[in-house]
Amino acid sequence: MTAGDLVIVANRLPIELADEVDGCRRWRRAPGGLVSALESALPDRKAVWIGWAGTPSDVASDTSSTGNPPVPAGTTDGAYALIEVPLTRADVEHFYDGFSNSALWPLYHDAIATPVYHRIDFDAYRRVNRAFAAAAAEHALPGATVWVHDYQLQLVPAMLREMRPDLRIGFFLHIPFPAADLFMQLPWRRELITGLVGADLVGFQTSGGVNNFLECARRLLAWPIHDDRIRLPGTNNDRRSCVVGSFGISVDWPRIDRIARSEATVARAAQVRAELGNPHRILLGVDRLDYTKGIDVRLRAYTELLREGRLDPAQTVLIQVATPSRESVDEYQRIRDDVELIVSRTNGDLGQIGAPAIHYVRQTQPLTELVALYRAADVMLVTPLRDGMNLVSKEYVASRSDDDGALVLSEFTGAARELAAAWLVNPHDTDGMKDAIVAAATAGPVERKRRMRALRSRVRNHDVEHWTREFLAALTSITRDHGAE
Ligand code: F6P
């Protein structure tokens with residue numbers, strides 16, 4: 001049986017199905033930074049990754065309808081064993097689309113969209129979390145470290161602790177943790193908090209997340225809390241603490257830097273500029289098509305700037321890449337409609353034949369193409385209404401080995417805490433955002449370079465490998481201390 005001394009538990013496996021040139025669908029490594037981080041940080045460990053393959057099992061098992069190849073047992077280079085937790089169509093509807101993405105996702109993003117609480121969805125959430133916990137319990141070696149990721153799996157730490165008390169358990173939340181007054185809306189609030197404190201270490205993107213979580217723990221649990229430590233009940237020998245901390249995630253700097261400096265990328269960036277007619281300024285947005293990302297507010301601000309003549313439509317181009325996401329959830333269909341209405345109106349009113357004001361690409365792009373776009377963009381627009389971190393802003397910075405470019409960044413991203421040298425904006429303040437876009441688009445080369453160097457120094461020294469190392473070192477030292485308590 002496959003077992004690891006490091007077990008990663010995440011909703012998705014680090015592989016994805018891709019259509020190859022020969023017309024076949026094959027599994028390949030997913031592009032995410034988390035995959036590279038874990039691979040680079042843990043070369044000597046026997047690791048297992050537990051997750052969902054992204055297709056409902058009752059569809060996948062009927063290969064005649066999907067033609068999908070089975071999930072491989074491990075990565076091609078042998079870095080990881082892969083263990084699939086199958087989800088049925090009902091699980092996808094109630095656990096993934098339902099509780100995870102129609103209740104938790106909007107609630108944790110300040111209820112920008114109205115969260116929907118259905119008991120049938122939470123039942124599925126509990127059931128699927130138990131399946132993930134059971135898989136982790138089965139595939140962890142004695143005393144192994146298990147690292148559970150994100151909002152879809154918040155019950156797993158306590159469930160796993162009960163099944164396997166010998167394990168060292170860490171949890172990291174990739175999205176914001178909301179203010180206590182919002183969190184208290186949740187009918188299952190106590191169960192979720194209790195689920196999380198099953199971990200030895202619970203990590204958040206920012207200190208704001210830590211404080212919100214501790215406030216909820218204070219209100220919902222009757223257990224003593226000192227600084228960053230929640231003391232759980234138990235007899236002297238098995239008393240345990242849960243420690244809470246902030247660890248801002250980042251990008252795979254060496255990989256992006258290598259792509260950014262390659263001849264192919266530099267040539268592709270020049271080609272993009274040329275194909276757009278070598279405009280004076282290229283503005284760029286790259287986001288999952290999600291209502292938290294502020295794509296609509298950014299496009300409205302840009303359109304107003306064109307209408308008012310503060311940006312010249314003949315000299316300025318905006319590229320908006322929007323990656324399709326969670327398409328069966330109503331709010332995602334709504335934001336798509338809103339964005340596409342703005343794009344078509346702006347292009348209809350202000351574009352010319354062969355020269356639209358907004359180039360809208362609703363497709364998933366490979367990292368190499370994104371890095372070329374980052375290199376081509378004079379101004380990067382990152383304007384979420386709320387975002388746990390926002391890795392696009394850090395990817396842009398990591399791509400600019402020429403020390404050029406300008407980043408306009410929402411204050412409501414975790415990244416804004418680290419990237420103060422960006423043009424910071426409040427996306428709810430359209431006039432303020434317009435001023436910042438103009439300031440970034442017209443800044444001189446000296447100011448652009450000064451800001452970009454400061455941004456690059458921060459991201460280079462706090463890349464995703466640093467994040468992995470810090471989290472796992474903190475987890476190890478906490479559990480060592482527990483042993484001594
Ligand atoms: O930001 C949270 C997150 O779950 C990421 O980990 C993930 O890349 C993204 O949202 C998209 O999530 P999914 O397509 O799995 O719903």
Side-chain angles (χ1 to χ4, degrees), residues 8-17 29-38 49-56 84-85 87 91-110 112-113 121 125 128-129 132 147-154 156 171-178 203-206 209 247-252 286-295 321-333 335-336 362-367 370 382 384-395 410 412-415 464 467-468 471:
I8 304 297
V9 187
N11 182 43
R12 284 189 191 266
L13 285 169
I15 52 171
E16 62 184 14
L17 270 176
R29 182 179 182 276
L34 188 60
V35 189
S36 341
L38 293 165
W49 191 305
I50 293 173
W52 172 48
T55 317
E84 183 194 2
V85 176
L87 299 187
D91 293 337
V92 174
E93 181 184 346
H94 295 290
F95 156 76
Y96 176 74
D97 290 338
F99 196 70
S100 296
N101 290 318
S102 300
L104 292 174
W105 181 267
L107 180 70
Y108 282 30
H109 288 86
D110 291 352
I112 295 168
D121 291 349
Y125 186 83
V128 170
N129 271 243
F132 273 85
W147 192 359
V148 184
H149 290 265
D150 227 354
Y151 63 103
Q152 303 94 344
L153 301 177
Q154 292 173 92
V156 168
F171 179 92
F172 185 77
L173 185 72
H174 291 251
I175 68 173
F177 192 87
F204 297 91
Q205 300 277 21
T206 64
F247 304 83
I249 197 170
S250 192
V251 293
D252 185 350
V286 173
D287 310 83
R288 258 186 328 100
L289 190 36
D290 191 300
Y291 54 85
T292 59
K293 301 292 182 185
I295 304 172
V321 176
T323 309
S325 184
R326 305 173 191 165
E327 292 180 290
S328 34
V329 178
D330 289 351
E331 289 291 345
Y332 288 77
Q333 293 165 8
I335 186 63
R336 178 178 174 188
R362 197 185 134 272
Q363 290 154 35
T364 303
Q365 298 290 334
L367 184 64
L370 291 179
V382 180
L385 303 170
R386 172 60 77 195
D387 209 332
M389 176 52 65
N390 193 279
L391 292 179
V392 165
S393 58
K394 292 187 173 180
E395 283 176 3
S410 163
F412 300 109
T413 60
V464 76
W467 172 80
T468 308
F471 185 91

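Reckoned from all heavy atoms, side chains included, excluding hydrogens, waters and symmetry mates. Whatever order the structure lists ligands and atoms in, that order sets their numbers, starting from 1.
Checking side-chain atoms of Asp290 against main-chain N and O of Thr292 turns up a donor-acceptor pair under 3.5 Å.
The ring pair (Phe, Tyr, Trp, His ring centres under 6.0 Å) test applied to His94 returns no partner, not counting sequence neighbours.
Checking each of Phe172, Phe171, Tyr108, Tyr151 against Phe177 for a ring-ring contact (aromatic ring centres under 6.0 Å, His included) leaves exactly one that passes, namely Tyr108. Here the rule is side-chain contact (heavy atoms from CB on, under 4.5 Å) with Thr413, and of Val392, Asp387, Leu391 only Asp387 fits it.
Contacts of ligand 1 (protein heavy-atom distance under 4.0 Å) are Arg12, Tyr96, Trp105, Asp150, Tyr151, Gln152, Ile175, Arg288, Arg326.
Taking the six-membered ring where the residue is Trp, Phe471 and Phe247 present perpendicular rings, their angle passing 60° and hence far from 30°.
A donor atom on one side chain and an acceptor atom on the other are not found under 3.5 Å apart for Tyr96 and Asp91.
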